[in-house]
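Report on the structure given below.
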Amino acid sequence: MANLSQADSALPQMRPGRFRLPRGEAWRENLYGYLFISPWILGFVLFLAGPLLVSLGLMFTEYAGFKKITYVGLANFEELIKFDIRFIGSLRVSAVFAFWTVSLAIIISLAMALLLNQRFKGHTFFRGLFYLPAAVSGVAMTFVWAAMFEKDYGMFNQILRIFDFDRVAWLTSIEWALPSYIIMRLYGVGHYMVIMLAGLQSIPDDLHEAAKVDGASGLALFRHITLPLLSPTIFFLMIVGMIGSLQVFTEGFMLTQGGPARSTLFYVLYLYIVAFTERRFGYASVLAWLLFLIIMGLTLLQFWLARRWVHYESQEA
Amino acid sequence: MATEIRQASSPWMYRRTLRLLLNYVVAIAIGIVMIFPLLWMFSGALKTKEMLLEETVINLIPPLPWQWHNFIDAWTALAFTRFLFNTLVITVASIFGGLLSASMVAFGFARLRFVGRNFLFFIVLGTMMVPMQVTAIPTFLLFHRLGWLNTYLPLIVPMWMGGGAFYIFLLRQYIMTIPTELDDAAKIDGCSPIGIYRHVIMPNIGPALAAASIFLFLHSWNDLWGPLIYLTDDNTWTLARGMLTFKRTLAEFRHGGGLRQYQIHWFLSLGTMTMLPVLFIYLVLQRHFVSGVVTSGLKG
């Protein structure tokens, strides 16, 4: 937000109502300006605005990528609302997954950030270590998770075996498959932690000092100073985390492809299957636009909350 | 002053030491949880499958003899050398194009005055909201029409067009911290905006370029969605795409009695090999890594 207003003030000469075509030096600068951003304009038209419009149109059609394209009116929307069990299921899976991952990740990362914020000797080493799993997460790590969750050889069942517990069919049982994904995602909690730590470090020390002088205990400090001042960061992580968890694909496609019994059919996974396995581009566009609307809603919510908080802080000060 | 007095009193010092000790205990415990799966992977990559099944304690130092041939077996089970080559071509081209185009666009938005700049930059930020799944189908149809399926182009060309709003934003933020006096001095010396971009801006945004290239690298290295849609011919597959097929077919051998058994040690050796470049980059460029995450984290 702040950046936009900075950009505003950089352009004082363009007042509404007095618009004139720039000449001379200004004309040259306009030319250079558009020259420099031309790659983006091209990319925006070709790979964003254009496709966005096309998929908007595709929502009202049945299309498999061949010559024949059929206009079906609102049939795709009707199917979405009335008949599609897989859609409802995938929305539920993604919501449950997002809820648990995000809330647990926030609690854990907050604890980790508070720990590292003590600045004991070697805290940068530990920060690097805690972030390591988030840094290496990716397709290679997903591959290793497949091995770790494996029934006979996997790490988790090895550990269970050592402690004489029954082994668990992690990714192949309905009740454990989704929790397995949550564990997987929580391993990358370092990503949340780094941002949480930046939020903690932006809290001025003198507030804590002042409260200490007033005799506040550690818990009261946390409850009445740290937590309120950290709440913008926490809500930011909540929104960004939810958007991220809604878009889980690689892990799901690599490990379970939605199974067993659709218990891990994440929304984007379902979208991929409809679009590129079943080749129903029209219906998939409806699903894609719904995802877009959900993400846009979450982002706007974040913007709205951020603005409220900025306001709130400036009133306090 | 107050602290000095406090430190002198022994109960307080006792508490302080205890607390410090507790910090270390908790930090080490979390550290072990974080590093253990990776150590398990590294050690497992050098074990036989039977060792993994039978061992009653998890040996993080694999028992001798170390099974170095696991790496070769897994690597040659599919044409992974070919996949590595494809991945490298795509990754290098994406990083290069992404850095070049994103820095140009970022420079334009940060330094040049043109009609509609604010509005267009607002759009740039707005595009961050658009999930790539929404544009995937029409983009696929476009590349299909162009005859670009089964080439590297669908994975490279979009990166040459600004590389995505995130990189433009990241670089623009950094460019705005560079004093405009440098630009003015260059302008007086007769530099055009192109000269300023080349001789003033580019040499001064090294850290931002480093952070951006890390993310560009990770994007290309880990992308499964793109290769899955655009690359059906296994000559053009990337590592990620190859690993998917490895996971689905070759890692599940049919043994006597039709039992499906994972060649789990191959998983671990292949996982190790594909993770090493990422690990290396993280260890070498950790500072840029984290600063990039924080910048991107604060982008809202």
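Just so it is clear, the values below take in all heavy atoms, side chains as well, and ignore hydrogens, waters and symmetry mates.
- Contact tally against chain B (heavy-atom pairs below 4.5 Å) for A:Ser38, A:Ala135, A:Gly43, A:Gly138: the top residue is A:Ala135.
- Using a 4.5 Å cut-off between heavy atoms, B:Gln133 touches chain A through backbone and side chain atoms alike.
- Using bins of under 30°, 30° to 60° and over 60° for the plane-to-plane angle, the ring pair A:Phe143/B:Phe267 lands in the parallel bin.
- Comparing B:Thr139, B:Leu228, B:Thr274 by how many heavy-atom pairs each has under 4.5 Å with chain A, the most go to B:Leu228.
- Ranked by heavy-atom pairs shorter than 4.5 Å toward chain A, the options B:Ile123, B:Thr272, B:Leu100 are led by B:Ile123.
- Both the backbone and the side chain of B:Ile194 have a heavy atom closer than 4.5 Å to some heavy atom of chain A.
- Considering every non-hydrogen atom in both A:Phe292 and B:Pro131, the closest pair reads CD1-CD, 3.5 Å.
- Using a 4.5 Å cut-off between heavy atoms, B:Arg19 touches chain A through its side chain atoms alone.
- A perpendicular orientation is assigned to the rings of B:Phe109 and A:Trp40, their planes being inclined by more than 60° (bins at 30° and 60°).
- When heavy atoms are compared at a cutoff of 4.5 Å, B:Phe143 approaches chain A solely by way of its side chain, counted from C-beta outward.
- Taking CZ of B:Phe114 as the start and CZ of A:Arg28 as the end, the distance is 15.5 Å to the nearest 0.5 Å.
- Contact of B:Arg145 with chain A is made through the side chain alone, with heavy-atom distances under 4.5 Å.
- Ranking B:Val278, B:Leu142, B:Leu120 against chain A, the residue ahead of the rest is B:Leu120, based on heavy-atom pairs under 4.5 Å.
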